[in-house]
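Below is one structure, written out as C-alpha cells, with a few remarks after it.
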Amino acid sequence: MSDGAQTRRPPQVLRGMRDFTPRQMLLRQRVIDILRRVFERYGFDPIDTPLLEYYEVLSGKYGEEGEKLLYRFVDHGGREVGLRYDLTVPLARYVAVHRSELTLPFKRYHIGPVFRAERPQRGRYRQFWQCDVDVVGTRSMLADAEVLSVWIDALSALRVPNAVIHVNHRQLLEALARAAGVEPALALSVYRAIDKLAKIGEDGVREELIRAGVEPKAAERVLELIRVQGHPETVFDTVRHLLAEDAEAQRALDELAELFGYLAAYGAPEGSYILDLSLARGLDYYTGPVAEVIVREPAIGSLGGAGRYDRLIGMFLGEEIPATGASLGLERLVEVVDEYGLLPTPETVSEVLVVAVEEQQRSEILRVAQELRANGIDAEVYLGERVDLRRQLQYANRKGIPFAIIVGPDELAAGVVTLRNLVTGEQERVARHEIVATALQRLVTTGRRPARERTGQE
RNA sequence: GUGCCUCUAGCUCAAUUGGCAGAGCGCUGGACUGUGGAUCCAGUGGUUACGGGUUCGAGCCCCGUGAGGCACCCCA
C-alpha cells in the first residue's frame, strides 16, 4: 500500500456529492422530521426501496434526456444495474412486486437519496434526497388534490414563504401542440419552448416555436393560450373558449376544475396555486394533471414536481393501475430554510455537559449524566484524558452545549451541583436530587426546548 | 453532455512586468491551579487543488485531470 501514496488523489468527494457536518445534518433531520409528520397526518405510510435497481427497471421511463442522466454499471455478478433516478419508478416496481398485499388506494411516503449524473449547480446535485407522497390505485382527482394539499401544509410547516404551485395538464399540453398544428414528433420541442416563457418571454418563445417548425399563425395561437395565467377562476373560461373544439382539452379542463374545487375545499389559500399552461414537466410517464412548486427567492426555481401517471405501473404489471404523487427536493427546501433562517437549529444535540472539578468527582458525574439521560435529557461528559475544568467548559462552549453541570468537592459535600447557563454565564446551586427537574425547566425557559412534549424519533 | 469563470494556511483573502508566499480570523500555550465565551502576550501555521510543460527562475504563462460557480440542456 505504501507505493499507492505516490499516485493517491487528494481526499475529495465525488463531483456533485457532499459530506454533511453535524450542524447540516441536524437541520436536514429537522426538515425531514417536519415533512414526515405532515405526511403521516394524512395517513401516508413509509416505505423504502433499494438504491440499486435492475437497469431495465429504470430504462425507458424518463425520456431521452433523462436516460442520459441515469447512473448505470455492471455489478460483479454481471448484472446491468442503475442507481435510482427518482422514487416514482421504484414505487411502480414496488407495487408490481407487492400487488397482492396492497389495499388500494395505497398511500405511501418515501424519503431517500436519488441519483442523477448531471452537471452540478447551486441546489442541484448528483446525489440528492426526494420526499415523495403518492396515491396508487385511484383515478379520482381527490387524490391529486390531496397530494397538493400535503405540499401546501408541508411548505407552511417549514414556513417557506411565497411558494406557488403551478398546475397544468398533460392533455392540455397536447392540445396546445395540436393548436400549434405540429405533428406529435415535434410536440416535445413545443413543450420545451413554452416552458421557457417565464425565462425568455413571449418573443423568445415565438422565436423558438418558429424555429421548431411551427407556422407563425399557429405560434400566435399558442402564445395566446399560454399568456393566460393566474387564478384558475379567472383563467378557465378563456381557455375553455380558446380550445372549444378540442374534446380532449375540455376533458382535461373538467379534471382540473374538479381538482381545483377539491383543493379549495382542502383549505388551500388563494394564490398558493395557479393554473399555468406554460408548465411542461419533461418526464415521460405523466398522463394527467402535473404541477411544480416554484419559489422566486432564493433563485433555485423548483422545489418539487408532481403529477399523475396512470400507465407507469402497467409497464411492470399486466394490469394498469392509475397513480398520482408529489415530490419535494430536500436540498432545495433546506437551502430556502437556511437562507432565511426559518428553522433555528442547535449546533449539537447535547443539552448538558456534566463536568468534574477533580478526579475524585468522576464517578459522580457519570451517575448524574446517566440520571439525566434516563429522564430524556441529552447529556454528555468530557471524554478527554485530563480532568481540567477550564478545558471542559471550553469544550462545551465550542460545541455550543447550552448548560454545564459542575460537580466539585464543595458540591459533593453539600449535596448539591452547580448548574451553569453557558449562554448567559449565570449559575445556580441546585440540590442534587432536584437536578433533573431543574435542568428540564431551564431547558424550556431558555427556549432550547419547546414547551410542549419533545418531538422526533423518541 | 457543451461553453465561460474560479481554486493560495483550518476559514476569508493579499502577493508590482514571472524574482525570498503574507495578513486577519482560527488553532496551541500563557497572563488565570474551581469557570468557557471578552482582553493582552507568545507560538503554530503552505507540496499555492493534483500532474506535467515553458523558463536561469512559475502562485502568476501553457496543457491535462479533479472540484466549485455561472449559462445552456434539463430538472428536485
Side-chain angles (χ1 to χ4, degrees), chain A residues 5-19 62-70 85-88 111-132 151 188-189 191-193 195-196 199-200 208 279-284 290-295 299-307 326-336 353 355-358 360-361 382 386-412 417-427 429:
Chain A
Q6 290 170 15
T7 51
R8 193 198 296 159
R9 71 169 56 254
Q12 286 176 306
V13 293
L14 239 27
R15 168 167 248 198
M17 311 202 169
R18 42 200 193 130
D19 294 326
Y62 303 110
E64 211 179 312
E65 293 296 325
E67 193 83 11
K68 289 191 286 193
L69 304 179
L70 280 172
Y85 176 94
D86 66 8
L87 301 177
T88 308
I111 296 172
V114 301
F115 301 84
R116 297 184 187 177
E118 285 197 278
R119 193 110 169 222
Q121 264 176 62
R122 182 185 187 187
R124 168 196 251 183
Y125 304 94
R126 289 187 168 182
Q127 176 181 344
F128 61 98
W129 282 48
Q130 289 195 320
C131 312
D132 285 30
W151 260 7
L188 203 63
S189 50
Y191 305 157
R192 272 208 269 265
D195 191 45
K196 292 183 198 163
K199 194 180 258 180
I200 63 179
E208 287 228 4
L279 175 68
R281 311 271 323 138
L283 297 181
D284 262 16
V290 291
E292 196 162 313
V293 54
I294 291 168
V295 65
I300 42 179
S302 173
L303 296 179
S327 174
L328 287 168
L330 179 65
E331 281 68 16
R332 294 185 179 180
L333 289 173
V334 168
E335 180 91 14
V336 174
L353 183 74
V355 306
V357 174
E358 301 166 343
Q360 285 72 23
Q361 293 90 47
Y382 181 69
R386 288 160 55 189
V387 174
D388 175 343
L389 184 55
R390 177 186 189 76
R391 194 173 293 273
Q392 292 176 85
L393 290 173
Q394 193 177 61
Y395 171 81
N397 186 242
R398 292 206 183 143
K399 264 188 88 165
I401 302 173
F403 287 95
I405 289 172
I406 303 167
V407 182
D410 302 349
E411 283 87 350
L412 215 46
V417 297
T418 296
L419 176 60
R420 181 176 178 86
N421 179 328
L422 293 176
V423 178
T424 63
E426 297 166 319
Q427 61 182 40
R429 295 202 134 195

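All of these numbers come straight from a predicted model, not from anything done at the bench. We name chains A, B, ... by the order of the sequence lines, and we start the count at 1 in each one.
- Among the atoms of the strands shown, base atoms are found under 4.0 Å from some heavy atom of A/Gln121.
- Using a 4.5 Å cut-off on side-chain heavy atoms (C-beta onward), A/Glu208 and A/Ile200 make contact.
- When the side-chain nitrogen and oxygen atoms of A/Lys199 are compared with OP1 and OP2 of B/A71, none of them lie within a distance under 4.0 Å.
- One can place CZ of A/Arg18 at 14 Å from C1' of B/G69, the figure rounded to the nearest angstrom.
- Scanning all heavy atoms of the two residues, the minimum distance from A/Arg420 to A/Gly425 falls at NH1-O, 3.3 Å.
- Comparing the C1' positions of B/A15 and B/G22 gives an interatomic distance of 7 Å, to the nearest angstrom.
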Which atom pairs link the protein and nucleotides 36-43 of chain B when you take only N or O atoms and keep those under 3.5 Å?
residue	atom	partner	partner atom	Å
B/G36	OP1	A/Arg390	NH1	2.4
B/G36	O2'	A/Asn397	OD1	3.4
B/G36	N7	A/Arg420	NH2	3.0
B/G36	O6	A/Arg420	NH2	2.7
B/G36	N1	A/Leu422	O	2.7
B/G36	N2	A/Asn397	ND2	2.7
B/G36	N2	A/Leu422	O	2.1
B/G36	N3	A/Asn397	ND2	3.2
B/G37	O4'	A/Asn397	OD1	2.8
B/G37	N2	A/Val423	O	3.4

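- Counting non-hydrogen atoms under 4.0 angstrom, A/Glu118 reaches a base of the nucleic acid.
- Taking only side-chain nitrogens and oxygens, A/Lys68 never comes nearer than 4.0 Å to OP1 or OP2 of B/C73.
- Within 4.0 Å of A/Lys196, counting heavy atoms only, lie sugar-phosphate atoms of the nucleic acid but no base atom.
- Nucleotide B/G1 holds its C1' atom 13 Å from the CD atom of A/Glu64, rounded to whole Å.
- Consecutive pairing runs in RNA chain B reach the stem threshold at B:1-7 with B:66-72, B:10-13 with B:22-25, B:26-31 with B:39-44, B:49-53 with B:61-65, where a stem means at least three Watson-Crick or G-U wobble pairs with distances under 3.5 Å.
- The side-chain hydrogen bond (donor to acceptor under 3.5 Å, both in side chains) test applied to A/Arg122 returns A/Glu335, A/Glu339, not counting sequence neighbours.
- Nucleic acid contact class of A/Gly123 (heavy atoms, under 4.0 Å, all strands): base.
- The nucleotide whose nearest atom lies closest to any side-chain atom of A/Arg332 is, among B/U35, B/G68, B/C75, B/C75.
- Distance OH (A/Tyr382) to C1' (B/G34): 17 Å, rounded to an integer number of Å.
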*Could you walk me through whether A/Arg116 and A/Asp86 pass the side chain to side chain contact (heavy atoms under 4.5 Å, CB included) check?*
CA-CA 9 Å; A/Arg116 297 184 187 177; A/Asp86 66 8; 3.9 Å; yes
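- Scored by the salt bridge (charged side-chain N to carboxylate O under 4.0 Å, His left out) test, A/Arg18 finds no partners at all (sequence neighbours excluded).
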*Show the numbers, then the answer: is there a side chain to side chain contact (heavy atoms under 4.5 Å, CB included) between A/Gln392 and A/Val387?*
CA-CA 8 Å; A/Gln392 292 176 85; A/Val387 174; 4.0 Å; yes
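- Rounded to the nearest Å, the gap between the P atom of B/C13 and that of B/C70 is 16 Å.
- The listed nucleotides are B/A76, B/U2, B/C73; the one nearest the side chain of A/Glu65 is B/C73.
- Between A/Arg116 and A/Leu14, the residue anchored nearer the 5' end of RNA chain B, judged by the nucleotide with its closest heavy atom, is A/Leu14.
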Under 3.5 Å, sequence neighbours excluded: what are the donor-acceptor pairs made by side chains of residues 398-410 of chain A?
residue	atom	partner	partner atom	Å
A/Lys399	NZ	A/Glu380	OE2	2.8
A/Lys399	NZ	A/Tyr395	OH	3.4

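- In terms of position along RNA chain B, the nucleotide closest to A/Gln427 lies nearer the 5' end than the nucleotide closest to the other residue of the pair A/Gln427 and A/Glu292.
- Between B/U48 and B/G34, the two P atoms lie 46 Å apart (nearest whole Å).
- Only the P atoms considered, B/U28 is 10 Å distant from B/G37, to the nearest whole Å.
- As rounded to whole Å, 14 Å separates atom C1' of B/U33 from atom CD of A/Gln392.
- Residue contacts shown for A/Gln127 are absent, as no nucleic acid heavy atom lies under 4.0 Å away.
- Protein atom CD of A/Gln12 is 10 Å distant from nucleotide atom P of B/C50, rounded to whole Å.
- Of the candidate nucleotides B/A67, B/C73, B/G34, B/A67 has the atom lying nearest to any side-chain atom of A/Arg15.
- With sequence neighbours excluded, the residues forming a side-chain hydrogen bond (donor to acceptor under 3.5 Å, both in side chains) with A/Thr418 are A/Glu411, listed by chain and number.
- Note: CZ (A/Arg119) to P (B/A67) measures 10 Å, nearest angstrom.
- One interatomic measurement links the two molecules: CG of A/Asp388 to C1' of B/C32, which rounds to 12 Å at whole-angstrom precision.
- Annotation for A/Ala396 and A/Leu353: closest pair CB-CD2, 3.7 Å, computed over non-hydrogen atoms.
- Scored by the side chain to side chain contact (heavy atoms under 4.5 Å, CB included) test, A/Glu65 finds A/Lys68, A/Arg192 as partners (sequence neighbours excluded).
- Rounded to whole Å, the C1' atom of B/C20 lies 15 Å from the corresponding atom of B/G46.
- Every residue meeting the ring pair (Phe, Tyr, Trp, His ring centres under 6.0 Å) condition with A/Tyr62, not counting sequence neighbours, appears here in chain and number order: A/Tyr85.
- Here A/Leu333 lies out of heavy-atom contact (under 4.0 Å) with every strand.
- If you measure from atom CZ of A/Arg122 to atom C1' of B/C75, you get 16 Å, rounded to the nearest angstrom.
- In this structure, A/Asp86 reaches neither bases nor backbone, as no heavy-atom distance under 4.0 Å exists between it and the strands shown.
- Between B/A9 and B/C25, the distance separating the two C1' atoms is 12 Å to the nearest Å.
- Annotation: salt bridge (charged side-chain N to carboxylate O under 4.0 Å, His left out) contacts of A/Arg126 (sequence neighbours excluded): none.
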